Amino acid sequence: MELTRRSFLGIAGMAGIAAAGAGLAGCAAAPANDGASQSKTDGASDEDKKSSGATRNAVATYTCDVCICGAGNSGLSAAVEAAQQGLGVVVLEKHGGTGGGGIGTEGVFAVNSKMQQEAGITIEPAEVISTEMEYSHNRANGLKWLDLIEASGDNISWLKECGVNFTGVVDDYHGGKFETFHWFGENRAHDDFSPAMTATAKDLGVQFLMNCPATDLIQDSDGTVTGVYGRKLNGDYVQVNAKAVVLSTGGFANNDEYLQEGGFSDTSNVKRFLYGYDGDGVRMAIEAGGASNIPRMSGLMQLTVSGAPGGEYGTFGRGDGLVVAGHNACSLWINEDGERFCAESAGIENWMADMIPSLVHQKLYSIYDSKTFKDAYDGMIAPRIDWEATQAELEERITENPYGDFFSADTLEELAKKACDALELDYDTVIDSINTYNEMCDAGHDAYFGKPGEYMQKLDNPPFYFCYMPQSCMVTFGGIRTNRKMEVVDKNGKPVPGLYSAGVDSADLWPNIYTINVPGGTNANNINSGRFASKFAAEYIGSNKAGSVSSEGDTSESIPDTSWAMPEGTLKDGTYSDTEFGMFSDITVTVIVSGGKITDIVQENELETTYVGVAAMENTLIPEVLEKQTPAVDTVAGATRTSDAFRTAVQKCCEQAAS
């Protein structure tokens with residue numbers, strides 16, 4: 001099996017790329033003027049101008065120049081830029097920490113940065129733009145690509161001035177088409193971007209309201225956005241009066257309705273990677289009169305599996321075993337009617353394209369043999385476990401079949417019978433699809449869909465496997481329509497006054513499919529869009545800026561979730577353990593009780609990420625539980641599943657000690 005960039009990204013290293021959707025920002029020259037900002041949505045219909053109409057009883061009121069909704073990479077960039085523009089800034093963040101889904105990003109794209117100049121790397125901007133435009137059949141916004149590239153080199157310098165750490169290495173990120181990837185350090189944005197940008201923002205006077213997501217925009221009678229409501233965890237609302245609002249809420253990967261509108265068919269079974277990305281910003285923009293760009297969405301999406309080997313380790317983690325075999329180009333795919341429907345080599349050059357053919361069908365089932373399974377394993381750069389252990393997991397999966405969606409047999413007829421009986425598929429159709437495919441493989445020619453002959457590998461090596469492969473989504477790109485100033489626009493292209501969007505909420509450089517051609521492009525776009533949004537918001541506000549934040553009412557912090565609590569009674573001295581499933585693997589937590597108190601906690605895991613999950617437990621959760629003597633501590637942003645598993649395990653250990 002030839003090792004391509006697609007096989008590396010799709011098999012070995014997805015976790016870091018996937019979080020690229022949370023974005024970073026930068027800007028050199030201002031983009032070309034595409035029309036002065038409108039004080040009203042002139043020419044828009046009443047429907048286009050409609051206000052969200054939300055009125056909330058707020059316990060506190062904040063007054064500022066700009067409110068930024070979301071503190072991921074794009075939101076942090078927008079916050080720093082806005083403060084540098086002399087604006088008073090409030091940030092509403094859904095989670096308990098900054099960084100969002102972007103804490104796993106590994107670097108950022110740029111053209112003509114000082115690092116590239118020093119390394120002798122020369123890239124023709126037009127070549128980058130033409131590559132992207134051709135791939136999207138010219139559906140991408142070429143002017144936004146031009147804006148991004150012209151700003152990108154200076155963005156790197158700006159980030160370094162803000163304290164962001166780069167290793168100094170610039171390359172093509174494992175085989176991309178251009179040497180544009182500027183690497184953060186080993187622990188990615190979690191250590192090298194988010195802390196520095198948060199500290200810089202706070203030093204500039206930015207006020208963060210954590211655990212307080214934005215819920216509704218506030219508009220005056222002519223549709224101008226004048227603020228936003230946020231909601232604390234106890235249900236209390238806060239009102240942020242602002243002259244401009246920037247939406248950077250991280251997309252809608254967790255919103256089934258929006259995914260369906262964007263083309264997903266199997267939405268009841270979509271696998272997720274991150275929590276809390278519900279399309280809040282997209283909803284608010286549309287309610288305020290902005291135009292939806294959901295039908296042109298793309299994102300980090302893939303076919304995946306449920307369960308071992310491979311699937312339980314995360315949709316985009318070390319997707320091994322059944323994942324790599326199932327979407328191997330030599331497998332046979334059939335739909336819910338048992339019919340083959342495409343060339344299974346769709347994702348050879350771009351693993352984002354693997355899932356696209358399934359969007360017009362309700363189900364995708366992959367059929368392959370033992371040779372394809374072994375070839376797929378051998379093609380991995382960094383297998384999670386060795387071949388013998390993988391085989392053991394496979395046998396356990398066959399025996400237990402916990403999801404009722406994976407089958408194995410020594411003959412194709414027996415395989416089809418097992419799968420069809422369990423999944424209510426038509427046996428005659430399925431076996432006909434298999435036999436027809438094998439006949440075409442014998443002929444070396446795919447007469448239906450033209451799959452290249454090198455991938456026409458006959459199902460001829462028992463045992464044979466049949467696996468349901470649900471659609472998965474890590475992060476979405478797009479949803480909110482914006483112009484080059486990052487102003488949210490209505491259906492007629494007129495700005496909604498005072499409303500801007502940054503990050504993946506409005507990323508429209510990759511309509512319909514993410515290309516992975518330009519290493520670090522998503523991160524660069526989101527950083528850049530954050531800066532652009534704030535620069536043009538400052539221009540919109542002009543001399544009316546206050547340059548500060550004021551507040552009144554109950555401005556107490558939003559209290560973290562207290563569903564985890566100490567059991568009643570005195571803890572008995574001893575050592576107690578519990579195992580819960582985290583993001584990618586089981587987490588075994590051991591709690592030591594001495595003198596009736598928790599004196600030590602240790603954790604063991606196989607696959608939680610060192611830079612996010614392990615760091616969350618070791619550096620934050622364990623010290624906080626020891627200090628507060630309760631598992632009722634806040635989750636760590638970007639490590640929600642790990643945090644939840646850890647807190648649950650601690651609570652169960654305490655319940656053992658109190659029983």
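The chain is numbered in sequence order, starting from 1. Every heavy atom of this structure was used, including side-chain atoms; hydrogens, water molecules and symmetry mates were not. The structure displayed is predicted, hence computed values, not measured ones.
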**Q** Would you mind listing every salt bridge (Lys or Arg N to Asp or Glu O under 4.0 Å) that reaches into residues 255-265, with sequence neighbours excluded?
**A** Asp256-Arg272
**Q** Taking only residues two or more places apart in sequence, or in another chain, which ones meet Cys162 in a side-chain contact (heavy atoms from CB on, under 4.5 Å)?
**A** Val80, Gln84, Trp158, Met197, Thr200
**Q** If the condition is side-chain contact (heavy atoms from CB on, under 4.5 Å), which residues does Ile356 pass it with, not counting sequence neighbours?
**A** Met301, Leu359, Ile513
**Q** What pairs with Pro195 under side-chain contact (heavy atoms from CB on, under 4.5 Å), at least two apart in sequence or on another chain?
**A** none
**Q** Under a 3.5 Å distance rule, please check whether Ser136 uses its side chain to pair with a backbone N or O of Ala140 as donor and acceptor.
**A** yes
**Q** Checking Trp510 now: which residues fulfil ring-ring contact (aromatic ring centres under 6.0 Å, His included) with it, not counting sequence neighbours?
**A** Trp145, Phe477, Tyr514
**Q** Can you name the residues that form a salt bridge (charged side-chain N to carboxylate O under 4.0 Å, His left out) with Lys144, not counting sequence neighbours?
**A** Asp508
**Q** Any sub-3.5 Å donor-acceptor pair from Ser194's side-chain atoms to Thr98's backbone N or O?
**A** no
**Q** Okay, side chain of Arg531, backbone of Ala151: is any donor-acceptor separation there less than 3.5 Å?
**A** no
**Q** Are the side chain of His174 and the backbone N or O of Asp172 linked by a donor-acceptor pair below 3.5 Å?
**A** no
**Q** Using modelled atom types only, decide if a donor and an acceptor are shared between the side chain of Ser472 and the backbone of Val270 within a distance under 3.5 Å.
**A** no
**Q** Any sub-3.5 Å donor-acceptor pair from Lys177's side-chain atoms to Thr131's backbone N or O?
**A** no
**Q** I'd like to know if the side chain of Ser130 and the backbone of Glu127 have a donor-acceptor N/O pair within less than 3.5 Å.
**A** yes
**Q** Do the ring planes of Tyr173 and Phe181 sit parallel (below 30°), tilted (30 to 60°) or perpendicular (above 60°)?
**A** tilted
**Q** How far does CD1 of Ile516 sit from CG of Asn350, to the nearest 0.5 angstrom?
**A** 4.0 Å
**Q** Quick one: ring-ring contact (aromatic ring centres under 6.0 Å, His included) partners of Phe166, sequence neighbours excluded?
**A** Phe184
**Q** Please examine the side chains of Asn112 and Gln117, heavy atoms only from C-beta on, and report whether any two atoms are closer than 4.5 Å.
**A** yes
**Q** Does Asp192 have any salt bridge (charged side-chain N to carboxylate O under 4.0 Å, His left out) partners at least two apart in sequence or in another chain, and if so, which?
**A** none
**Q** Who are the side-chain hydrogen bond (donor to acceptor under 3.5 Å, both in side chains) partners of Arg481, not counting sequence neighbours?
**A** Asn293
**Q** Counting distance only, does the side-chain N/O of Asn141 pair as donor-acceptor with the main-chain N or O of Leu509 below 3.5 Å?
**A** no
**Q** Among Asn211, Thr249, Asp278, find the one that has a side-chain hydrogen bond (donor to acceptor under 3.5 Å, both in side chains) with Lys94.
**A** Asp278
**Q** Run the side-chain contact (heavy atoms from CB on, under 4.5 Å) test against Asn187 and tell me which residues pass, sequence neighbours left out.
**A** Asp191, Thr610, Tyr611
**Q** Taking the side chain from Trp333 and the backbone from Ala343, do they hold a donor-acceptor pair closer than 3.5 Å?
**A** no
**Q** Does Ala71 offer a backbone N or O that forms a donor-acceptor pair with the side chain of Glu93 under 3.5 Å?
**A** yes
**Q** Taking ring-ring contact (aromatic ring centres under 6.0 Å, His included) as the definition, give me every residue that meets it alongside Phe178, ordered by chain and number, with sequence neighbours left out.
**A** none
**Q** With sequence neighbours left out, write down each residue that passes salt bridge (charged side-chain N to carboxylate O under 4.0 Å, His left out) with Lys243, or none if nothing qualifies.
**A** Asp65
